[in-house]
Amino acid sequence: MKRISCIDIGTNTALMLIADLDPQNNTITPLLHRQQIIRLGSMVDENRIIDHAAKQRLIECLTEYAELCRHHEVEQVIAVGTSALRDAKNRMEVIDEVVKACGIVIKTITGTEEAELTFRGAVGEAHTDSNPYMVIDIGGGSTELTRGKVGIMEHSVSLDIGSVRLTERLFSSQPPSEEEYEKAKTEIDQQFEGNLAPFFESRERVIGVAGTITTLEALALGLREFRAEDIHGKSLRYTDVLELLELFRRSTTEEIVARGVPEGRADVITMGTLILHQFMRLLGVGELQVSIRGLRYGLAEKELHNLRSAETNEQDTTP
């Protein structure tokens, strides 16, 4: 048994999973989940720099996570950074300051690695048939699409269309003007249209992860309080996405918050919903399955695999 912490540092949120790995029984037992909206990628699309305020929010968050890891006697911390850190010219400076402040070492992963780990986390739970699955992960800085079967990723693409990135680039207000909204649709469609063909065969088995999709599912179910167990495995229909998109595109940020969207997500939820809507419309997806398992679970799955391989090698070399 090994207790680990897996931390996913995205453009908008930082998520942590503490779990026990049991290589003998091939199980992951979650012990603690944490999520903080830190908006690390604020203005990174324009400036290619993580500014001082965003860096401090990251350090404060990871300092708290490090204390929780100590309290729960975690043996290993695995932390990865995605789109915002990939794009930032000062990422090494940020990573160095985090290490000095709280001892957590962040590895910046590529879009391909992010897609593979997210697929591994989302599909590795209970999907056992031989048909292909597809996973969509709409983040703050990028959107990853992945297709494959259990244990085998066959195709992936990472697109620079995320809820924070495109909101900062294309919307000057909330609600956006009609011109800004149509321009955003065009930008998203151009990114998708050249990349969706390999995914058509798996459009009946789409799994959606990350904050935009889980938030939309909670709203579609009428939940006023977000509870992961209430949305995991549920279906999110295209008609619900369209209804929420039409509501958001005509609402102020304050009105969106009043409907139950967290403050740190309310100003970018319109763009995130638009990305999901255009994806579902272009690919012809009538509904998708919502999962709370994403990148951090993929990190746990990978470490569990490493532990099982190490045990197997040790047994093979024992006289």
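All values below were derived from every heavy atom in this structure, side-chain atoms included, with hydrogens, water molecules and symmetry-related copies excluded.
- Partners of D8 according to the side-chain hydrogen bond (donor to acceptor under 3.5 Å, both in side chains) rule, which considers only residues two or more places apart in sequence or in another chain, do not exist here.
- Applying the side chain to side chain contact (heavy atoms under 4.5 Å, CB included) rule to M43 yields the partners E46, N47, E168; only residues at least two apart in sequence or on another chain are considered.
- A distance-only check finds no donor-acceptor pair linking the side chain of S202 to the backbone of R205 [under 3.5 Å].
- Side-chain contact check for L196 versus V157: every heavy-atom pair is 4.5 Å or farther apart.
- The salt bridge (Lys or Arg N to Asp or Glu O under 4.0 Å) check on D51 picks up nothing, with sequence neighbours excluded.
- Atom CD of E154 is surrounded by more than 12 heavy atoms from other residues, nucleotides or ligands within 6.0 Å.
- Residue L15 shares its hydrophobic cluster (ILVMFWY side chains chained together at separations under 4.5 Å) with no other residue.
- Residue Q24 places its CD atom among 12 or fewer non-hydrogen atoms of other residues, nucleotides or ligands, all under 6.0 Å distant.
- Residue pairs meeting the ring-ring contact (aromatic ring centres under 6.0 Å, His included) criterion with at least one partner in residues 149-183, sequence neighbours excluded, are H155-F199.
- Annotation: side chain of P30 is in contact with side chain of H33 (closest heavy-atom distance under 4.5 Å).
- In this structure, I207 and S291 approach most closely via the heavy-atom pair CG2-CB, 3.7 Å.
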Audit row: R293, E301, salt bridge (charged side-chain N to carboxylate O under 4.0 Å, His left out) steps and yes/no: CA-CA 11 Å; R293 296 171 58 102; E301 290 276 358; 3.0 Å; yes
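- Here the straight-line distance linking atom CG of L145 with atom OG1 of T143 works out to 7.0 Å at 0.5 Å rounding.
- Note that CD of Q289 is 9.5 Å distant from CD of E287, once rounded to the nearest 0.5 Å.
- A donor-acceptor contact closer than 3.5 angstrom is absent between the side chains of K185 and Q278.
- Remark: the T215 side chain and the E217 side chain contain no N/O donor-acceptor pair separated by less than 3.5 Å.
- Under the salt bridge (Lys or Arg N to Asp or Glu O under 4.0 Å) criterion, R34 pairs with no residue at all, not counting sequence neighbours.
- Listed here is the closest heavy atom pair of I104 and L62: CD1-O, 3.6 Å.
- Of all non-hydrogen atoms in L282 and F200, the two that sit nearest each other are O-CZ, 4.0 Å.
- Between Q191 atom CD and T186 atom OG1 the span is 12.0 Å, to the nearest 0.5 Å.
- Among residues at least two apart or in separate chains, there is no salt bridge (charged side-chain N to carboxylate O under 4.0 Å, His left out) pair with a member in residues 252-261.
- Under the 4.5 Å side-chain heavy-atom criterion for Ile, Leu, Val, Met, Phe, Trp and Tyr, L31 and M16 are members of the same hydrophobic cluster.
- No side-chain heavy atom of S142 sits less than 4.5 Å from a side-chain heavy atom of T82.
- No chain of hydrophobic side-chain contacts below 4.5 Å, direct or via other Ile, Leu, Val, Met, Phe, Trp or Tyr residues, connects L295 to I106.
- Atom NZ of K183 is surrounded by 12 or fewer heavy atoms from other residues, nucleotides or ligands within 6.0 Å.
- Residues I161 and I275 approach most closely at O-CD1, 3.8 Å, considering heavy atoms.
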Could you go through the side-chain hydrogen bond (donor to acceptor under 3.5 Å, both in side chains) check for S158 and E114 one step at a time? CA-CA 8 Å; S158 181; E114 182 181 359; 5.1 Å; no
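- Using a 4.0 Å cut-off between charged nitrogen and carboxylate oxygen, E97 and K100 do not count as a salt-bridge pair.
- Other residues, nucleotides and ligands contribute more than 12 heavy atoms inside 6.0 Å of the NZ atom of K234.
- In this structure, the side chain of T214 engages the main chain of G211 through a donor-acceptor pair within 3.5 Å.
- Residues I9 and L58 form a side-chain contact, since some pair of their non-hydrogen atoms from C-beta on lies under 4.5 Å apart.
- Here D22 does not pair with R308 in a salt bridge; the nearest charged N to carboxylate O distance is not below 4.0 Å.
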Check the pair H305 / K302 against side chain to side chain contact (heavy atoms under 4.5 Å, CB included), numbers first and verdict last. CA-CA 5 Å; H305 174 77; K302 183 176 181 179; 5.6 Å; no
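- In this structure a side-chain-to-backbone donor-acceptor pair under 3.5 Å is missing from E144 to T118.
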Hey, mind stepping through E73 and R3 against salt bridge (charged side-chain N to carboxylate O under 4.0 Å, His left out) and telling me if it holds? CA-CA 8 Å; E73 299 181 337; R3 182 165 295 179; 5.3 Å; no
Verdict with supporting geometry, R281 and D189, salt bridge (charged side-chain N to carboxylate O under 4.0 Å, His left out): CA-CA 10 Å; R281 183 183 67 81; D189 286 355; 3.3 Å; yes
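- At least one side-chain heavy atom of V261 sits less than 4.5 Å from a side-chain heavy atom of L219.
- Residues V94 and I78 are members of separate hydrophobic clusters, defined by side-chain heavy-atom contacts under 4.5 angstrom among Ile, Leu, Val, Met, Phe, Trp and Tyr.
- I4 has its side chain within reach of C6: a pair of non-hydrogen atoms, C-beta onward, lies under 4.5 Å apart.
- Around CD of E229, the count of heavy atoms belonging to other residues, nucleotides or ligands within 6.0 Å exceeds 12.
- A distance-only check finds no donor-acceptor pair linking the side chain of S156 to the backbone of T146 [under 3.5 Å].
- Residues in residues 233-267 take part in these ring-ring contact (aromatic ring centres under 6.0 Å, His included) pairs, two or more places apart or across chains: Y238-H277.
- Judged purely by distance below 3.5 Å, without hydrogens or angles, the side chains of Q174 and D267 never pair a donor atom with an acceptor atom.
- Closest heavy-atom contact between P132 and R147: CB-CG, 4.4 Å.
- Considering every non-hydrogen atom in both L40 and G10, the closest pair reads CB-O, 3.8 Å.
- The hydrophobic cluster containing L21 does not contain V74, counting ILVMFWY residues as joined when their side-chain heavy atoms lie under 4.5 angstrom apart, directly or transitively.
- Placement of Y65 and I292 in two distinct hydrophobic clusters is found when ILVMFWY residues are connected by side-chain heavy-atom separations under 4.5 Å, directly or transitively.
- Panel note: side chain N90, backbone I50; a donor-acceptor pair is recorded below 3.5 Å.
- Residues satisfying the salt bridge (Lys or Arg N to Asp or Glu O under 4.0 Å) criterion with E246, sequence neighbours excluded, are R249, R250.
- Side-chain heavy-atom separations under 4.5 angstrom define the hydrophobic clusters, and the remaining members of the one that includes Y297 are L17.
- For R57, the side chain to side chain contact (heavy atoms under 4.5 Å, CB included) partners at least two apart in sequence or on another chain are I38, R39, S42, A53, A54.
- Among residues two or more places apart in sequence or in another chain, the salt bridge (Lys or Arg N to Asp or Glu O under 4.0 Å) test is passed with D160 by R165.
- Side chains of M280 and L288 form a contact here, defined as non-hydrogen atoms less than 4.5 Å apart.
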Take Q36 and E64 through the side-chain hydrogen bond (donor to acceptor under 3.5 Å, both in side chains) test and state the conclusion after the steps. CA-CA 10 Å; Q36 287 192 34; E64 180 181 325; 3.1 Å; yes
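- Side-chain contact between V44 and I49 is absent, with no heavy atoms from C-beta onward closer than 4.5 Å.
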